[in-house]
Number of protein chains: 2
Amino acid sequence: MAHKEILLHIRERFAKFLTENQHRKTPERFTILETIYSIDDHFDVDSIYKIIKKNGMHMSRATVYNTLELLLQAGLIRKHQFSDKAAFYEKSLYNNQHDHVIVLRPDGSIDRIIEFCDPRIDAIRKDLEQYLNLKIDAHDLYFYAKPQTDGSPKT
Amino acid sequence: MAHKEILLHIRERFAKFLTENQHRKTPERFTILETIYSIDDHFDVDSIYKIIKKNGMHMSRATVYNTLELLLQAGLIRKHQFSDKAAFYEKSLYNNQHDHVIVLRPDGSIDRIIEFCDPRIDAIRKDLEQYLNLKIDAHDLYFYAKPQTDGSPKT
DNA sequence: TTGGGTGCAAATTCTTTGCAATCTC
DNA sequence: GAGATTGCAAAGAATTTGCACCCAA
């Protein structure tokens, strides 16, 4: 699917979600949605806010927070609390990887994030559900690594 | 190992860490260490602070934060950011489980935390290290579940 | 004795909230 | 037009920082 088609599809899904939940379809909400889908990486509230500002549009941080909450409910983004600093978000449609390798610099900041998916996680989930007799509805797996100093990694 | 022996051993390890890193062995630091090892669960900064207060001792929150940082460096505790609220900590010596089932109430607060260990995680880690050509030094796995409403779970 | 540590309060950072003005339905 | 949404600024919550005083080495 081409980028433009994806965006159209996503817009529709968000619109549907907003209607179904009696939320209004404000221009701010779609501006934020499009900004997010123009980013190909994890992002925090401030980067969204700054991109919108840089594009000459006006918006309050509160609106960004509110809209991200709606997008979260709509399942169009996912939220991560990688540290005690600002939360990170990522698009979730067409991206069902919940598993990350986080490459951390010595100062604790994020060098890069590699996503992957491994069927063994789901096998563990099933075993746990049976053993603990409860329903697991999500998971997050983080592996932590240090940046390479020598040869380049195969990403 | 009996509880008293464990505590003695932990104290020694902390003392050794402090000496080796040119930190002072202050009474506050050992009070915090002992408070932590008297708790059999995950805890946040405020609960440590309140227990110490309740025991009639005086201490600043800043000292709790500082000391938890040292204990983290010493490898005697682990830190988790389960949500965007206060960080949670847990003892890490004699407890090498890095994998959690977090039972969340509808309001997002933590109902309980179940720890487990599964060798498949380490297998995934090894595969990733080889595939990405980097060294992974830690991981966290969180499964999210809702509290039971019916029959009791097997914990 | 002396520099690291503590305690307090103020500062910071991230997020939420209250409320008047505005815009969607 | 009614009520949800926005924007702003102020409030909150968690954590960090600055600095005078104190104490472990």
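So you know, we letter chains A, B, ... as the sequences are listed, proteins then strands, and number each from 1.
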Rounding to an integer number of Å, can you tell me how far [X] [atom1] sits from [N] [atom2]?
{"X": "A/Glu69", "N": "D/dT5", "atom1": "CD", "atom2": "C1'", "result": "15 Å"}
{"X": "A/Leu68", "N": "D/dT5", "atom1": "CG", "atom2": "C1'", "result": "15 Å"}
{"X": "A/Arg29", "N": "D/dG7", "atom1": "CZ", "atom2": "P", "result": "11 Å"}
{"X": "B/Phe30", "N": "C/dT6", "atom1": "CZ", "atom2": "C1'", "result": "16 Å"}
{"X": "A/Met57", "N": "D/dT6", "atom1": "CE", "atom2": "C1'", "result": "16 Å"}
{"X": "A/Leu70", "N": "D/dT5", "atom1": "CG", "atom2": "P", "result": "8 Å"}

| request: For the helix from C/dT1-D/dA25 to C/dC25-D/dG1, measure the angle between the helix axis at one end and the axis at the other, each built from five pairs, rounding to 10°. | output: 30°
Who pairs with [X] by side-chain contact (heavy atoms from CB on, under 4.5 Å), at least two apart in sequence or on another chain?
{"X": "B/Asn66", "answer": "none"}
{"X": "B/Gln81", "answer": "A/Gln81, A/Asp84, B/Lys79, B/Ala87"}
{"X": "B/Asp137", "answer": "A/Tyr144, A/Lys146"}

| Residues that A/Phe30 engages under ring pair (Phe, Tyr, Trp, His ring centres under 6.0 Å), provided they are two or more places apart | A/Phe14
| query | A/Glu69: what forms a salt bridge (Lys or Arg N to Asp or Glu O under 4.0 Å) with it, not counting sequence neighbours? | reply | none
| request: Report the residues that fulfil salt bridge (Lys or Arg N to Asp or Glu O under 4.0 Å) with A/Asp140, sequence neighbours left out, ordered by chain and then residue number. | output: none
| said: Please identify which of these residues, A/Arg11, A/Lys91, A/Arg29, meets the salt bridge (charged side-chain N to carboxylate O under 4.0 Å, His left out) condition with A/Glu34. | reply: A/Arg11
| All pairs passing salt bridge (Lys or Arg N to Asp or Glu O under 4.0 Å) where residues 17-28 of chain A contributes a residue, at least two apart | A/Lys16-A/Glu20
| message | I need a per-nucleotide contact map over nucleotides 19-25 of chain D, read 5' to 3'. Cutoff is protein heavy atoms under 4.0 Å; write B for the base, S for backbone only, - otherwise. | response | ----BBS
| message | Does C/dT22 have its OP1 or OP2 closer than 4.0 Å to a side-chain nitrogen or oxygen of A/His58? | response | no
| query | If only side-chain N and O atoms of A/Ser60 are considered, is one of them under 4.0 Å from the OP1 or OP2 phosphate oxygen of D/dT6? | reply | no
Side-chain donor-acceptor distances from residues 52-60 of chain B under 3.5 Å, at least two apart:
| from | atom 1 | to | atom 2 | distance (Å) |
| --- | --- | --- | --- | --- |
| B/Ser60 | OG | B/Ala62 | N | 3.0 |

Distances for protein N/O vs nucleotides 14-20 of chain C N/O pairs under 3.5 angstrom?
| from | atom 1 | to | atom 2 | distance (Å) |
| --- | --- | --- | --- | --- |
| C/dT15 | OP1 | A/Ala87 | N | 3.1 |
| C/dT15 | OP2 | A/Tyr65 | OH | 2.7 |
| C/dT15 | O5' | A/Tyr65 | OH | 3.3 |

| With sequence neighbours left out, what residues match A/Ser47 under side-chain hydrogen bond (donor to acceptor under 3.5 Å, both in side chains)? | A/Asp44
| field | Ionic contact status for B/Arg61 with B/Asp46, cut-off 4.0 Å | value | yes
